[in-house]
Amino acid sequence: MTAFNNINQIKYEGPTSTNPYAFKFYNPEEVINGKTMKEYLRFAVAYWHTFTEDLSDPFGVGTAIRPWDQYSGMDLAKARVEAAFIFFEKLGVPYFCFHDVDIVPEGSSLRESNQNLDTIVAMIKEYMKDSKTKLLWNTVNNFTHPRFVHGAGSSSNADVFAYAAAKVKKGLEVGKELGAENYVFWGGREGYETLLNTDMKLELDNLGRFFHMAVDYAREIGFDGQFLIEPKPKEPTTHQYDFDVASGYAFLQHYDLQDHFKFNIEANHATLAGHTFEHELRYARVIGMLGSVDANQGHPLLGWDTDEFPSDLYGTTLAMFEIIQNGGLGKGGLNFDAKVRRGSFTPEDLFHAHIVGMDSFAVGLKVANRLIEDRVIQNVVEERYNSYQSGIGLDIVSGKTDFHKLEEYALGLTEITHQSGRLEQIKATINQYFLTTFVGK
Ligand code: XLS
Ligand code: CA
Ligand code: CA
């Protein structure tokens with residue numbers, strides 16, 4: 001099969017290039033803060049959106065035109081693998097991610113599905129030998145098939161709990177076989193629609209058991225990828241158990257799982273939860289649980305998971321501000337869990353989409369790095385909290401006070417003075433950094 005043969009290797013040509021098939025800001029070998037952009041950003045292509053997605057929506061059938069359209073069944077699965085590795089090579093992307101059902105059709109039994117997986121995983125392994133692209137993470141889809149109508153690890157049906165466990169078992173084996181650096185758990189239908197028919201305690205306890213068994217099995221087979229939980233507040237269920245980082249962390253602690261997991265944070269899930277992307281990244285960072293990122297964006301006017309490719313430079317900059325201060329993402333990366341719009345149906349659009357995503361994060365990396373180097377935000381924050389550097393503030397943070405001493409101090413206060421939060425000034429400075437980073441200082 002000849003896929004994408006009208007497209008050459010995508011290269012960095014710089015900010016003034018007019019070539020739509022070139023990076024304007026993502027320069028893989030450019031060193032930022034001691035690391036190359038490629039090492040910092042660890043981009044991944046999401047197999048489901050780029051190779052499996054047909055761009056259908058609840059109101060219309062798929063519109064995507066793809067080089068593998070003439071195939072079906074296992075031939076389709078094979079054609080997709082072939083095309084995927086051509087795509088990775090042309091884009092120069094270091095990682096990819098997939099669900100089991102993205103790479104193979106489900107068989108008529110679990111056994112047959114596993115056989116399909118064995119065939120395609122062996123093929124992917126062969127392709128990976130000659131490719132620079134590695135597996136950032138894999139996962140299993142325990143939400144699309146009707147058997148998961150009431151959930152998977154939180155299903156009301158014990159047979160489904162077993163089935164879901166068997167799929168994750170296979171997923172871990174696949175991850176080990178392909179050298180996955182992480183394994184993701186997104187609880188697609190691990191939540192509920194109504195409490196009127198739900199045993200919440202049993203469901204949560206079962207999820208806790210499910211994760212412990214996954215941890216045990218990974219240890220048993222020597223799979224050393226990082227386990228990641230991906231929070232999402234709703235969609236498809238009304239109430240998801242892993243609503244956001246804070247509730248996910250409460251769950252992990254309650255079931256004594258916190259040492260085995262980190263979080264995979266998706267921008268669009270953060271906004272669905274009523275948070276900003278940077279809020280979720282910051283929360284995970286400060287509790288030492290920032291593992292990986294699903295790099296996309298929602299639409300400000302739509303209340304669902306639109307999974308757009310990231311293009312908002314302010315957003316990518318504030319995200320990179322967190323990631324740099326986290327010391328990077330370790331084993332994690334920036335996975336484009338993003339799909340082209342339904343109107344962008346040509347194979348070329350897949351390249352344009354990844355180019356805008358990669359360039360947007362490259363801009364974010366450069367601007368955020370300058371903001372950090374010049375201590376723009378840190379100075380503001382330090383000054384704002386300087387009352388904790390001495391006197392009563394220092395006593396509070398060093399644990400030398402109690403309510404008696406604080407009351408005595410408060411009774412002696414005649415006036416409380418504040419300093420301005422300076423938000424408008426900060427935003428003006430950030431804008432200045434955007435322009436001076438690229439237009440010249
Ligand atoms: C869906 C999720 C999903 C996970 C992997 O909203 O983002 O794609 O990333 O199962
Ligand atoms: Ca995701
Ligand atoms: Ca999503």
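Keep in mind that the numbers below use all heavy atoms, side chains included, and drop hydrogens, waters and symmetry copies. We count ligands from 1, going down the list as the structure has it; atoms in each ligand are counted the same way. Starting from 1, each residue takes its place in the sequence as its number.
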- prompt: Does Lys78 come within less than 4.0 Å of Glu82, counting only side-chain N to carboxylate O?
  reply: no
task: Would you mind checking if Asp305 and Lys234 are paired as a salt bridge, meaning a charged N to carboxylate O distance below 4.0 Å?
output: no
- request: Measure the acute angle between the ring planes of Phe309 and His354, then classify it against the limits of 30° and 60° as parallel, tilted or perpendicular.
  value: perpendicular
- request: Fit a plane to each ring of Tyr21 and His352, take the angle between them on a 0 to 90° scale, and name the class: parallel (under 30°), tilted (30 to 60°) or perpendicular (over 60°).
  value: tilted
- prompt: Hey, are the side chains of Ser154 and Asn206 touching, using non-hydrogen atoms and a 4.5 Å cut-off?
  reply: no
field: Any N, O or S atom of Glu266 closer than 3.0 Å to the Ca ion (ligand 3)
entry: yes
Quick one: look up the protein heavy atom nearest [atom] and list residue, atom name and how far away it is.
atom: atom 9 (O) of ligand 1; answer: Glu230 OE1, 2.7 Å
atom: atom 8 (O) of ligand 1; answer: Asp337 OD2, 3.2 Å
atom: atom 5 (C) of ligand 1; answer: His99 NE2, 3.2 Å

Side chain of [X], backbone of [Y]: donor and acceptor closer than 3.5 Å?
X: Gln240; Y: Asp242; answer: no
X: Lys90; Y: Ile7; answer: yes
X: Glu53; Y: Lys339; answer: no

Taking distance alone, with N or O pairs closer than 3.5 Å, would you say [X] contacts ligand 1?
X: Asn264; answer: no
X: Asp305; answer: yes
X: Trp186; answer: no

- prompt: Quick one: does His269 get within less than 4.0 Å of ligand 1, heavy atoms only?
  reply: yes
query: Can you tell me if Val184 has a non-hydrogen atom under 4.0 Å from ligand 1?
result: no
Which of the ligand 1 atoms, numbered from 1, are nearer than 4.0 Å to a heavy atom of [X]:
X: Asp294; result: 9 (O)
X: Trp48; result: 8 (O)
X: Glu266; result: 7 (O)

message: Tell me whether the count of non-hydrogen atoms from other residues, nucleotides or ligands lying under 6.0 Å of CZ in Arg384 goes above 12.
response: no
- request: Answer yes or no: are there more than 12 heavy-atom neighbours, outside Phe345 itself, under 6.0 Å from its atom CZ?
  value: no
query: Looking just at side-chain N and O atoms, do Ser247 and Asp244 make a donor-acceptor pair shorter than 3.5 Å?
result: yes
- prompt: What N/O/S atom of Glu230 gets nearest to the Ca ion (ligand 2)?
  reply: OE2
query: For Asp337, what is the atom name of its N, O or S atom nearest to the Ca ion (ligand 2)?
result: OD2
field: Angle, OD1 of Asp305 through the Ca ion (ligand 3) to NE2 of His269 - 10° precision
entry: 90°
statement: To the Ca ion (ligand 3), the closest N, O or S atom belonging to Asp307 is OD1
query: Do any of the N, O or S atoms of Asp294 sit under 3.0 Å from the Ca ion (ligand 2)?
result: yes
